[in-house]
Amino acid sequence: MQRRKFIRNATLGLAALGLSPTQSLLANQLLGSAGTFKVIRNNVGYYTEKGGTIGWLLSPQASVVIDTQFPEQSENLLSGLKTRQNFEQLDLLINTHHHGDHTGGNPVFAGLFKQHVAHANAKINQEISARKDDKLADILLPTETYTDTWAAQTGNEIVSLNYFGAGHTNGDSIIHFQNANVAHLGDLLFNRRFPYIDPGAGGNFKGWQKVLKKIRKYYDKDTIFIFGHAAENYPVTGSVADVEAMENYIKRLLQYVKKEKKKGTSLDQLVAKTTVIPKAEEWKYGERLRERNLRVAWDEV
Ligand SMILES: [Zn+2]
């Protein structure tokens, strides 16, 4: 049995024993950790458990966390990081964008960071959706925002944030650890999996395609990218070739929907008959999001 599966099964077993969340957390720590920690390059790595991939930098001189999944996952992340390198406060907490599977664990870090940064629109979006759900008291908003670019030095690393326009939402940051040359793309990249898009928060496919092109030109062949999500058995990190593949997916999606619309296919017919997008067949996971992609693209072409 794979180690991860073993841990998951063991954890489910502990839940079945009726352990409290704290006891379960303790048990998870004894078992190792609920999620997966992986070092990517230098002192930069990622953590996956449930929700959008978390990026981190941890050295004796610097500590950065990008995205927080949900509270339980952030607790696990925090205790896992501290066993590697103890720290009092993070230098930087960063959110790639506002969605709950990337910001839900923010409150776990209350009082545990020096700066908390996100794009200005991400902060607005986070506040709007929390107000809509009557959950303003449960969220933690960034303390600092930017509109085009932002950078800071922490230890030997320079961390820069870039905004290249609306795509997945209208507030997606790309976070670059310049010396390690690792960049977190947040949900601008769903690796071989139908992406979630949020038109209500300014997301649109045409813009998204442009943003991916800018990413491809701005970073380089040696850059390792962290992806917000990946299809099962696909990695959550990769290269510029994966950025190009995602850009191609969006291009083919728009082309396909436009052609079908012109031919007189109705939206419902299109949804019913489509399993994959021609010339982007690697994207085949997630029926619900496939339908959403078709519907959003329909409105754009
Ligand atoms: Zn998202």
Separation of L270 CG from L267 CG (nearest 0.5 Å): 6.5 Å
D220 (side chain) donor-acceptor with T223 (main chain) under 3.5 angstrom: yes
Where A201 and H98 come nearest, the two heavy atoms and their spacing: CB-CE1, 3.8 Å
Heavy-atom donor-acceptor pair, N191 side chain to V236 backbone, under 3.5 Å: no
Cluster overlap M246 with L188, hydrophobic side-chain contacts below 4.5 Å: yes
Short N-O contact, K123 and E127, less than 4.0 angstrom: no
Listed pairs under 3.5 Å, donor-acceptor, residues 62-71 side chains, sequence neighbours left out:
unit_1: S63; atom_1: OG; unit_2: Q89; atom_2: O; d: 3.3
unit_1: S63; atom_1: OG; unit_2: D91; atom_2: N; d: 3.2
unit_1: D67; atom_1: OD1; unit_2: T96; atom_2: N; d: 2.8
unit_1: D67; atom_1: OD1; unit_2: T96; atom_2: OG1; d: 3.4
unit_1: D67; atom_1: OD2; unit_2: T96; atom_2: OG1; d: 2.7
unit_1: D67; atom_1: OD2; unit_2: H102; atom_2: ND1; d: 2.7
unit_1: T68; atom_1: OG1; unit_2: H102; atom_2: O; d: 3.3
unit_1: T68; atom_1: OG1; unit_2: T103; atom_2: O; d: 3.4
unit_1: T68; atom_1: OG1; unit_2: G105; atom_2: N; d: 3.1
unit_1: T68; atom_1: OG1; unit_2: N106; atom_2: N; d: 3.0
unit_1: T68; atom_1: OG1; unit_2: N106; atom_2: OD1; d: 2.8
unit_1: Q69; atom_1: OE1; unit_2: K50; atom_2: N; d: 3.1
unit_1: Q69; atom_1: NE2; unit_2: G51; atom_2: O; d: 3.4
unit_1: Q69; atom_1: NE2; unit_2: G52; atom_2: O; d: 2.9

Side-chain donor/acceptor of T274 to backbone N/O of V271, under 3.5 Å: no
L161 and H119: CA distance, side-chain angles, deciding distance, side chain to side chain contact (heavy atoms under 4.5 Å, CB included) verdict: CA-CA 9 Å; L161 279 72; H119 189 267; over 6 Å; no
Same apolar cluster (I L V M F W Y, side chains within < 4.5 Å links), F205/W283: yes
Donor-acceptor under 3.5 Å (N179 side chain, N156 main chain): yes
Exam field: side chain E244 to backbone A241, donor-acceptor pair closer than 3.5 Å: no
Y285 six-ring centre to R192 NZ/CZ under 6.0 Å and within 45° of normal: no
Approximate separation, where rounding is to 0.5 Å, of D198 CG and D172 CG: 9.5 Å
Distance (rounded to the nearest 0.5 Å) between H184 NE2 and L57 CG: 13.0 Å
Modelled atom types, side-chain donor and acceptor of Y146 and S173, under 3.5 Å: yes
Steps toward salt bridge (charged side-chain N to carboxylate O under 4.0 Å, His left out) verdict (D268, R295): CA-CA 9 Å; D268 287 341; R295 290 185 184 280; 3.4 Å; yes
Heavy atoms of other groups near K261 NZ, more than 12 under 6.0 Å: yes
Ring centers of H168, H97 separated by less than 6.0 Å: yes
I224-V243 co-clustered via ILVMFWY side chain contacts under 4.5 Å: no
Between E232 and Y234: side-chain donor-acceptor atoms closer than 3.5 Å: no
N170 and N125: side chain donor to acceptor below 3.5 Å: yes
Sidechain-backbone polar pair: E300 side chain, N204 backbone, donor-acceptor under 3.5 Å: no
Flag if over 12 foreign heavy atoms under 6.0 Å of CG, D299: yes
Intermediate values then yes/no, side chain to side chain contact (heavy atoms under 4.5 Å, CB included), V159 and H176: CA-CA 6 Å; V159 184; H176 192 204; over 6 Å; no
Residues D187 and H229: side-chain donor-acceptor under 3.5 angstrom: yes
Audit row: L141, I139, side chain to side chain contact (heavy atoms under 4.5 Å, CB included) steps and yes/no: CA-CA 6 Å; L141 291 166; I139 63 163; 3.7 Å; yes
same_hphob_cluster(F227, Y46) at 4.5 Å side-chain heavy-atom cutoff: no
Donor-acceptor contact below 3.5 Å, side chain Q153 vs main chain G155: yes
Steps toward side chain to side chain contact (heavy atoms under 4.5 Å, CB included) verdict (I226, V182): CA-CA 7 Å; I226 302 176; V182 174; 3.9 Å; yes
Candidate pair Y218 and F164, rule ring pair (Phe, Tyr, Trp, His ring centres under 6.0 Å), full reasoning: CA-CA 10 Å; Y218 189 88; F164 289 149; 5.4 Å; yes
N293 (side chain) donor-acceptor with L289 (main chain) under 3.5 angstrom: yes
L92 with V44, same ILVMFWY side-chain cluster at under 4.5 Å: yes
Cationic tip of K82 above F87 ring, under 6.0 Å, 45° of axis: yes
Passing option when E247 is tested against K213, K210, R216, K214 for salt bridge (Lys or Arg N to Asp or Glu O under 4.0 Å): R216
No-hydrogen, no-angle side-chain donor-acceptor test under 3.5 Å, Q178 and S160: yes
Residues, nucleotides or ligands: over 12 heavy atoms within 6.0 Å of D134 CG: no
Check: T275 main-chain N/O paired with R290 side-chain donor or acceptor under 3.5 Å: yes
Short side-chain to backbone donor-acceptor contact, R84 and G80, under 3.5 Å: yes
